[in-house]
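What follows is a single structure, written as structure tokens, with notes after it.
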Amino acid sequence: MASLRINERKTLLALRELGGKASVEKIAEKSGLADAAVMRAALTLSAENLVSLSSQKYALASLTREGENYAKLGLPERRLIRSLMKLGGEAEVAEAACEAKLEAGLVPIALGWAKKKGWGEIRGQKCLLMVKSEPALGSDEKLLNLIAERGSVVVEQLSQEFREAVDVLKKRKLVELEDKAYHELELTVKGWETVKKGLEIFEEVTQLTPELIITKRWRNVKFSKFDVTAPGPSAPVGKAHPLQQIIKRAREIFLEMGFTEIRGPMVETAFWNFDALFQPQDHPAREMMDTFYLANPRIGRLPKEEIVDGVAKTHENGWVTGSKGWGYKWSHEEAKKLVLRTHTTAETIKYLAMHKKPPIKVFSVDRVYRNEQVTYKHLAEFHQIEGIVVDKKATLRDLMGTLKTFYTKFGIEKIEFWPSYFPYTEPSAQAVAYHPKLKRWMELCGMGMFRPEVLAPMGIKYPVLAWGGGLERLAMIELGLDDIRMLYGNILGWLRRTPLCQ
Ligand code: PHE
């Protein structure tokens, strides 16, 4: 149990003195606390199961200004018949009103009610008394007096007769009602145990002030305890989208590891996207199903003759690479077609065509496009993290080390390398990570060493380590998502709840 505050302790003690059960008002009176303070304490105490709190609604009736006035002077109809009695039982309306000291506005009211009560009647200009002696007080008048005497009454505690009178007086706007609630506290078994153990009353300090320090009073006062783990109000401040934060982190980690960033256009020729990577022109990935081809402009420019030639020959017969190639007639037209790049490997191979000397360490984090059905794990537009390392003695083991370092810095604990296949790498592998929420292994990236069929046409004479993988998959693991579409849903609640990564 959290330690009790002073008002809670005062409330418990007052309740014990009142026999264990009392209304909030009584406790307030006994403890010297304000009603609202007792009520607040009561809520905490009932949450702690020290008291039980029961509430009952009731209506409090009190007099309006007019009601108070009538309580003093008598109702207008009563005043009217009194004056009639004085005037011998019959009088002109104006005369009777004058005798009764009724203002003009009240005369019709007095006449109306006198008639309704059977006390008098109007005949022509005259007003006649219909009773022999002054009638006894009606329940409306008795109630008026009762409320005047007590200040207010609880409607629910009145007799049936008075309750009806409340309605009448309310309609006459002489009485008004206020909705109230009656709160009663009762010590629970746990509450009794607590008060029996004894509760000290001492002042609690909620704030350490300079005065407390200077005067050294802090040594002797008791400080309130705060629950520092209690949730504070939420403050949905502006921040970068979680995916942008992850992109930023990916960049920072590569930079830390000594890589340089490269970027390329979203629209590429099939040459860089496929041909330069030794993917045959009838490769299934090139089909309309997977690749978005541009309708306008439809074709782009190929690089210099020397590179195109090498690629063409390698595809056709293996050229100088020792390979047999794919054994078909390579088409310039097919290679010129413009596509939305399906992977950022198009950028790394293009970079290699222009930079041949090791050491090279470059990466890119960029958008790619695939004509895919959007599902919980597939998007048609997403980001890839891509990179290459060119070094005289680079091996696949170095690549595994590099990727392990990268993903570990990202906070991914379980990572493994499994064999795989890509047309442009040999050996090929994939890095996989365990998704704790989905409870299964997920591919992080494809990787491998570029084949001679890829390197020869670019004029590269050294080993090239290459990899590329989805950023959104990484985000799924990082953010504990089981649906990749969350990242693009603009779901405000989720965006607000997702903390800043670093
Ligand atoms: N481009 C491959 C993909 O998009 C990944 C890859 C990059 C594989 C480089 C090997 C080397 O899945």
Side-chain angles (χ1 to χ4, degrees), residues 250 254 259 261-266 268-280 283-287 289-292 339-353 355 360-372 377-391 394-404 406-407 415-433 441-455 458 460 462-476 484:
F254 275 127
F259 284 80
E261 184 168 4
I262 58 166
R263 298 199 73 170
M266 288 184 291
E268 279 290 3
T269 51
F271 182 84
W272 289 119
N273 199 81
F274 298 121
D275 296 280
L277 290 164
F278 196 50
Q279 297 187 71
H283 191 280
R286 290 203 195 195
E287 279 169 23
M289 285 304 289
D290 285 309
T291 311
F292 288 113
V339 301
L340 288 182
R341 67 175 169 214
T342 62
H343 55 185
T344 39
T345 318
E347 311 312 333
T348 44
I349 188 65
K350 206 157 125 184
Y351 185 85
L352 280 180
H355 304 80
I360 294 173
K361 281 170 92 177
V362 296
F363 77 98
S364 92
V365 185
D366 239 329
R367 282 212 176 196
V368 298
Y369 303 83
R370 284 184 201 173
N371 194 356
E372 288 209 57
K377 59 172 183 163
H378 285 292
L379 293 166
E381 183 179 348
F382 56 99
H383 293 81
Q384 274 195 331
I385 307 177
E386 186 90 29
I388 45 169
V389 173
V390 186
D391 205 28
T395 63
L396 190 71
R397 187 157 286 279
D398 296 314
L399 182 53
M400 293 198 291
T402 302
L403 291 181
K404 179 128 192 148
F406 175 78
Y407 288 117
I415 157 162
E416 288 187 4
F417 298 98
W418 295 355
S420 188
Y421 170 80
F422 298 97
Y424 34 94
T425 49
E426 181 58 41
S428 303
Q430 58 175 322
V432 289
W441 292 91
M442 279 179 81
E443 186 190 332
L444 286 175
C445 71
M447 57 195 274
M449 297 178 73
F450 277 148
R451 302 174 71 105
E453 292 92 327
V454 172
L455 299 180
M458 304 301 138
I460 307 281
Y462 306 97
V464 178
L465 311 177
W467 75 91
L471 178 94
E472 281 80 356
R473 296 282 180 89
L474 194 60
M476 277 176 89
I484 204 163

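In each ligand, atom 1 is the first atom listed, and ligand 1 is the first ligand listed. Computed from a predicted structure; not experimentally measured.
Of all protein heavy atoms, the one closest to atom 3 (C) of ligand 1 is Q384 NE2, 3.7 Å. At the shortest separation from atom 8 (C) of ligand 1 among protein heavy atoms lies G446 C, 3.4 Å. Counting protein heavy atoms only, atom 5 (C) of ligand 1 is closest to G468 O, 3.3 Å.
Within ligand 1, the atoms closer than 4.0 Å to a non-hydrogen atom of E386 are 7 (C), 9 (C), numbered from 1 in the order shown. Remark: ligand 1 atoms within the under-4.0 Å shell around heavy atoms of F422 are 8 (C), 10 (C). Using a 4.0 Å cut-off to heavy atoms of M447, the atoms of ligand 1 that qualify are 8 (C), 10 (C).
In terms of polar-atom proximity, defined here as any N/O pair under 3.5 Å, H343 does make such a contact with ligand 1. Looking at T345 next to ligand 1, an N or O pair under 3.5 Å apart turns up.
The closest approach between a heavy atom of R370 and any atom of ligand 1 is below 4.0 Å. Contact annotation: Q430 has no heavy atom less than 4.0 Å from any atom of ligand 1. Taking 4.0 Å as the cut-off, Y424 counts as a neighbour of ligand 1 on heavy-atom distance.
Atoms CD1 and CD1, on I349 and I460 in that order, are 7.0 Å from each other to the nearest 0.5 Å.
Considering T269, D290, N273 in turn, N273 is the only one that fulfils the side-chain contact (heavy atoms from CB on, under 4.5 Å) rule with V339.
When the heavy-atom distances from atom 11 (C) of ligand 1 to G470, P423, A466 are ranked, the shortest goes to A466.
Counting heavy atoms from C-beta outward, F450 and M458 have side chains that stay 4.5 Å or more apart.
Under the 30°/60° scheme for interplanar angles, the aromatic rings of H343 and F274 are found to be tilted. Ring orientation note: the planes of F259 and F363 are nearly perpendicular, at an angle over 60° on the 30°/60° scale.
V365 and A250 get closest at one heavy-atom pair: CG2-CB, 4.4 Å.
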For Q384 and T344: C-alpha separation, side-chain torsions, deciding distance, then whether side-chain hydrogen bond (donor to acceptor under 3.5 Å, both in side chains) applies.
CA-CA 7 Å; Q384 274 195 331; T344 39; 3.2 Å; yes
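Using a distance-only test at 3.5 Å, with no hydrogens or angles considered, no donor-acceptor pair links the side chain of Q430 to the main chain of E443.
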